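The model shown is predicted, which means the values in this text are computed figures rather than measured ones. We use all heavy atoms of the structure for the numbers below, so side chains are in, but hydrogens, waters and symmetry mates are not.
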Amino acid sequence: QVQLVESGGGLVQAGGSLSLSCKASGRTFSWYGMGWFRQAPGKEREFVARISWSGENTYYSDSVKGRFTISRDNAKNTVYLRMNSLKSEDTAVYYCAAGGAVSGSAHRLGSSYHTWGQGTQVTVSS
C-alpha cells in the first residue's frame, strides 16, 4: 500500500507561483495514476489535475488549465503540481491521491482514488 505526503503549500500573492510535491512511500508508485484535488472552506472537494502512471497523459479542470502543470518522477516516487498565475479562488487545501486505471471522465471523481495524502494549505492573497 502506498502512503502519500504533500508539501510546498504556503501563502502567495495573486499572480504568483507555487509548486506542490507529493512524495509516495512504497515500491508500487509507478503503477498508479496520480491526481490532485482541492477543497476550499465551505465547498466540496474538486478535481484539479491527473497524470497517468507513465506521465504520458495529463488532465486538468477547466479552472486551472493553462496555469497549472502536473508532472511526476517515478524514480523519486514524487508527483508535482506547478501552479502559475495564482488567483484568490485557488485558495484551498490541496490533496494528492493515488488510483488505478480509469476510463472516460472518471479521473475527475474522488472515488476513483484509493489513497489520499493529508493535504497542504495554499493561500492566495489578493
- For the hydrophobic clusters of this structure (ILVMFWY residues joined by side-chain heavy atoms under 4.5 Å, transitively), does one cluster hold both Tyr95 and Ile51? no
Original post:
Quick one: does Lys76's side chain have a donor or acceptor within less than 3.5 Å of a partner on Lys23's backbone?
Top reply: no
For Leu18 and Gly10, the nearest pair of non-hydrogen atoms, with its separation, is CD2-N, 3.9 Å
Same apolar cluster: Val102 and Tyr59, side chain cutoff 4.5 Å: no
Original post:
Is the backbone of Ser63 close enough, under 3.5 Å, to the side chain of Asp90 for a donor and an acceptor to pair up by distance?
Top reply: no
Paired with Arg38, the side-chain contact (heavy atoms from CB on, under 4.5 Å) test is passed by just one of Val48, Leu81, Thr91, namely Val48
In this structure, OG1 of Thr123 is separated from CG of Leu86 (nearest 0.5 Å) by 11.0 Å
With Trp36 as partner, the option from Met83, Glu6, Arg50 fulfilling side-chain contact (heavy atoms from CB on, under 4.5 Å) is Glu6
Here the gap from Tyr60 atom OH to Arg67 atom CZ, rounded to the nearest 0.5 Å, amounts to 12.0 Å
Heavy-atom closest pair (Gly119 atom, Val93 atom, distance to 0.1 Å) is CA-CG1, 3.8 Å
**Study point:** Parallel, tilted or perpendicular: ring planes of Tyr94 versus Phe68, cut at 30 and 60 degrees
**Key:** tilted
Any side-chain heavy-atom pair of Val5 and Gln118 under 4.5 Å:
yes
dist Leu4:CG -> Tyr113:OH (nearest 0.5 Å) comes out at 12.0 Å
What one should report as the nearest heavy-atom pair of Gly9 and Leu20 is N-CD2, 3.6 Å
Here the gap from Ile70 atom CD1 to Asn57 atom CG, rounded to the nearest 0.5 Å, amounts to 11.5 Å
What one should report as the nearest heavy-atom pair of Val79 and Ser71 is CG2-O, 3.1 Å
What one should report as the nearest heavy-atom pair of Ser126 and Ala14 is CA-CB, 4.2 Å
Is the closest side-chain heavy-atom distance between Phe47 and Phe37 below 4.5 Å? yes
Tell me whether Arg72 forms a cation-pi arrangement with Phe29, defined as NZ or CZ under 6.0 Å from the six-membered ring centre and within 45 degrees of its axis. yes
Let me see the working for Tyr80 and Asp73 under side chain to side chain contact (heavy atoms under 4.5 Å, CB included), right down to the final yes or no. CA-CA 8 Å; Tyr80 306 95; Asp73 185 337; 4.1 Å; yes
*Would a distance-only check, ignoring hydrogens and angles, find a side-chain to backbone donor-acceptor pair under 3.5 Å from Ser25 to Gln3?*
yes
Heavy-atom closest pair (Ala98 atom, Val2 atom, distance to 0.1 Å) is CB-CG1, 4.1 Å
**Residue pair Ser17 / Arg82, side-chain heavy-atom distance below 4.5 Å** = yes
Between the OG atom in Ser52 and the CE atom in Met34, the distance rounded to the nearest 0.5 Å is 12.0 Å
According to a hydrophobic-cluster definition based on side-chain heavy atoms being under 4.5 Å apart (Ile, Leu, Val, Met, Phe, Trp, Tyr only), do Val64 and Val12 belong together?
yes
- [ ] Can you establish whether the number of heavy atoms outside Trp53 located under 6.0 Å from its atom CH2 is more than 12?
- [x] no
